[in-house]
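Residues take their numbers from the sequence shown, with the count starting at 1.
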Amino acid sequence: QLLVTVGGHVCEVQLTTEPMQRAKSTTGHRDFEVARELVAAVAEGDLDRCRGALAFGAEHLADKARGVRALLCSTDGAKILRAAAASGFAEIVYEFLRAGADVNAADPKTGQTALHAALAGGHERCVWTLISVGGADLDVLDAAGQTALVHGYAMLWKRPDETAARAVATLAGAAGAERVKAARVSAHRLVRTMMI
């Protein structure tokens, strides 16, 4: 493998011999390629590109038995799902969930899940997809000890736009009366703490 600079661009040149192909397919390099392609596709909001990367991964990843599911359940895969949810790409979130992504995987630092990310971005369709397709656990606590619904109610104190309010309403509808009541109390405490 060589890196060559051509006209200000760095190009990757690879020798494709049978031993190299075997090494690529068994060392995890393909996992890296698929993850890199998914990151780029999510950044662009390109559903077809995501589908293509998932299909390529299903056919070519080293661990065919677990394949794309294992990749999407890894730390990097969970980060990609959260990025899609935070950007409001409900169709991409749907494809990742269908491929086996872990809907409740949390960011190692913040403890926030894709549901937290979708709600923070005010993406009602992503909230709905994570709940109805992924079966998101509404009781997952982030590193601050708050559920996505508590964050949503705290966000309402800032007078968010209509889309954010609808995202909170969608989550509240799925959460039920008891969770809503508890979340509103917790959000009130959280907001008072932030005001002090």
Donor-acceptor pairs under 3.5 Å, side chain of residues 73-80 to any protein atom, not counting sequence neighbours: which ones?
from	atom 1	to	atom 2	distance (Å)
Ser74	OG	Leu71	O	2.6
Ser74	OG	Asp76	N	3.4
Ser74	OG	Gly77	N	3.1

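Annotation: side chain of Thr113 is not in contact with side chain of Arg82 (no heavy-atom distance under 4.5 Å). Here the side chains of Ile131 and Thr129 are not in contact, with every heavy-atom distance at 4.5 Å or above. Between Phe32 and Arg36 the shortest side-chain heavy-atom distance falls below 4.5 Å. Residues Val34 and Leu54 form no side-chain contact, since every pair of their non-hydrogen atoms from C-beta on lies 4.5 Å or further apart. Between Leu47 and Phe89, the closest side-chain pair of non-hydrogen atoms is not below 4.5 Å. No side-chain heavy atom of Val127 sits under 4.5 Å from any side-chain heavy atom of His123.
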Verdict with reasoning, Leu81 to Asp102, per side chain to side chain contact (heavy atoms under 4.5 Å, CB included): CA-CA 9 Å; Leu81 175 64; Asp102 181 357; over 6 Å; no

After noting the C-alpha distance and the side-chain angles of Glu124 and Thr163, does the key distance pass the side chain to side chain contact (heavy atoms under 4.5 Å, CB included) rule? CA-CA 7 Å; Glu124 177 186 15; Thr163 58; over 6 Å; no

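Closest approach of Cys50 to Ile92, counting heavy atoms only: SG-CG2, 3.7 Å. Ala175 and Leu138 get closest at one heavy-atom pair: CA-CD1, 3.5 Å. Minimum heavy-atom separation, Phe96 to Leu72: O-CD1, 3.6 Å. A pairwise comparison of heavy atoms in Leu38 and Ala53 identifies CD2-CB, 3.6 Å as the closest pair. The minimum heavy-atom distance linking Leu171 with Leu115 is given by the pair CD1-CD2, 4.0 Å. Taking both residues in full, the closest heavy atoms of Lys109 and Asp107 are given as N-OD1, 2.7 Å, listed atom of the first, atom of the second, then distance.
For the atom pair CG (Asp46) and CD (Glu91), the distance works out to 12.0 Å, reported to the nearest 0.5 Å. The CD atom of Glu33 sits 5.5 Å away from atom CZ of Phe56, with the distance rounded to the nearest 0.5 Å. Taking CZ of Arg125 as the reference point, atom CH2 of Trp128 lies at 13.0 Å (rounded to 0.5 Å). Separation of atoms OH (Tyr94) and SG (Cys126) is listed at 14.0 Å; rounding is to 0.5 Å. The structure places CG of Leu156 at 10.5 Å from NZ of Lys158, a figure rounded to the nearest 0.5 Å. Interatomic distance, CG of Leu149 versus CG of Leu119, reported as 7.5 Å (0.5 Å rounding).
No single ILVMFWY cluster, assembled from side-chain heavy atoms under 4.5 Å apart, contains both Leu141 and Leu190. Criterion: ILVMFWY side-chain heavy atoms under 4.5 Å apart, direct or through other members. Under it, Val140 and Val133 are not part of a common hydrophobic cluster.
Between Glu95 and Arg98 there is a salt bridge, since at least one side-chain N of the basic residue sits less than 4.0 Å from a carboxylate O of the acidic one.
Sorted by first then second residue, the side chain to side chain donor-acceptor pair (under 3.5 Å) pairs that include residues 137-153, not counting sequence neighbours, are Gln112-Asp142, Asp139-Arg179, Asp142-His151.
With sequence neighbours excluded, the residues that form a side chain to side chain contact (heavy atoms under 4.5 Å, CB included) with Ala40 are Arg49.
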